[in-house]
Number of protein chains: 2
Amino acid sequence: MENSGTTGEQIRLQQMLCFALYGAAHAFSRAYKPRLEPLGLTYPQYLVMVSLWEKDGQPVKALGAALGLDSGTLSPLLKRLEQAGLLARTRAKADERQVHITLTEKGRQLQSEAAGITPLMLSATGCGLEEVADLRDRLQDLKDNLVRAGDASAAEHG
Amino acid sequence: MENSGTTGEQIRLQQMLCFALYGAAHAFSRAYKPRLEPLGLTYPQYLVMVSLWEKDGQPVKALGAALGLDSGTLSPLLKRLEQAGLLARTRAKADERQVHITLTEKGRQLQSEAAGITPLMLSATGCGLEEVADLRDRLQDLKDNLVRAGDASAAEHG
DNA sequence: TGCAATTCAATTGCGCGCAATATAATTAGA
DNA sequence: TCTAATTATATTGCGCGCAATTGAATTGCA
């Protein structure tokens, strides 16, 4: 378990990895907030924009796979970014089920406005580059393990 | 910043610590879900119960401080747990502004039903005990740094 | 003592995050 | 070819998470 104590011990919030993760994730979101507010973005919207700056023209499905989100989350979020004039949603001609997300000029320009955020956030972590990279890699492995464990137990039970 | 690349490089989602954290936190919540469903708890509700199992009779304020949540989140959540018969909310006689949260017998009994979850989650992480403890401590430090940075910049700007 | 400032909890409003469902387009198979 | 299954996206409903506001109780200070 995530409780690193002996079997039978009382679980303590402060001992739980999941709670440390929960708190750190929220802390990140709160730390980003005042930096993203001038850009008119929420933190999840910022992650979507980062994904689009990296690869423009993705269909919703691919964006969802990159971000780990489904259409129930992305559809309304993308609608808000479209309303804000940052992107366009266009039905693919080849397959009309797909909607491709394309940045507008305004959406592309936002990248340079956001460029200053990353160094500010790095300094807010109080960590060095290798420390950040190491933590990131550990968290990616942890996530992969949790997902795999979920898949395995789902497979067992039908 | 959290991007460990050279200055001026394109930010990539997969390089960002904040995104790894975001994904791992969601993965934890998803992994807990099938284990908590039989108990009728959501993941945040489970964290509240863990806090109450550890220390019963806390006022809402103290619970919020322990969990990093405010009354806007806790009030409705606690109301649901009360409806489920797991806890009671009682106005403190000494200070009628405070509401103390006390577990019911059913709420206390749920602890033993939940006892099996922790070892299952530990194995789902695919990590050893020291690895889990180390990651937890790093995340707690990271959170503290992010909170401090936020406090500092808030103090600067009034 | 009396009144302003503070504190605690609840409420409102909005944006995720996700399960479940709906709808439309495409593919696969009899 | 005609239909059943699958796929992509959107919608609905509910529970967080948080800012802003409200209302009531308490504290502090003149």
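Throughout, a chain's letter reflects where its sequence line sits, starting with A, and its residues are numbered from 1.
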| Backbone N/O of B:G107 and side chain of B:T104: donor-acceptor pair under 3.5 Å | yes
| field | Bounds of contact between DNA chain C and chain A, in 5' to 3' order, using a heavy-atom cut-off under 4.0 Å | value | C:dG15 to C:dT26
| query | Going by heavy atoms in the side chains, are A:V48 and A:I101 under 4.5 Å from each other? | reply | no
| message | Applying ring pair (Phe, Tyr, Trp, His ring centres under 6.0 Å), can you list everything that pairs with A:H26, at least two apart in sequence or on another chain? | response | A:Y22
| said: Please give me every residue in residues 138-146 of chain A whose heavy atoms get under 4.0 Å of an atom in DNA chain C, ordered by residue number. | reply: none
| said: Holding to salt bridge (Lys or Arg N to Asp or Glu O under 4.0 Å), I want the full list of residues that pass it with A:E105, two or more places apart in sequence or in another chain. | reply: A:R108
| query | Under a 4.0 Å heavy-atom cut-off, which of residues 89-104 of chain B touch DNA chain C? | reply | B:R89, B:R97, B:Q98, B:V99
| request: Side-chain contact test, heavy atoms from C-beta onward, threshold under 4.5 Å: evaluate it for A:P44 versus A:L77 and give yes or no. | output: yes
| task | With a 4.0 Å heavy-atom cut-off, tell me which residues in residues 51-66 of chain B come close to DNA chain C, sorted by residue number. | result | B:P59, B:V60, B:K61
| Any side-chain heavy atom of B:L110 within less than 4.5 Å of one from B:E113? | yes
| field | Reported CG-to-CG distance for the pair A:L139 and A:D134, which is rounded to 0.5 angstrom | value | 9.5 Å
| query | Would you say A:H100's side chain and A:A92's backbone share a donor-acceptor pair under 3.5 angstrom? | reply | no
| note | Sequence neighbours excluded, the answer for side-chain hydrogen bond (donor to acceptor under 3.5 Å, both in side chains) partners of A:D144 is none
| Within residues 36-46 of chain B or reaching into it, pairs that qualify as salt bridge (charged side-chain N to carboxylate O under 4.0 Å, His left out) - sequence neighbours excluded | B:K33-B:E37
| Shortest non-hydrogen contact between B:Y46 and A:I11, atoms and distance | OH-CD1, 3.9 Å
| Pair listing, side chain to side chain donor-acceptor pair (under 3.5 Å) test, anchored in residues 54-64 of chain B, at least two apart | B:S51-B:Q58
| said: How long is the straight-line distance from CD of A:Q111 back to CD of B:Q10, given to the nearest 0.5 Å? | reply: 5.0 Å
| query | With sequence neighbours left out, which residue pairs that include part of residues 81-92 of chain B fulfil the salt bridge (charged side-chain N to carboxylate O under 4.0 Å, His left out) condition? | reply | B:E82-B:R89
| remark: Sorted by number, residues from residues 67-82 of chain A placing a heavy atom under 4.0 Å from DNA chain D are A:S71, A:G72, A:S75, A:K79
| field | With A:K106 via salt bridge (Lys or Arg N to Asp or Glu O under 4.0 Å) - residues at least two apart | value | none
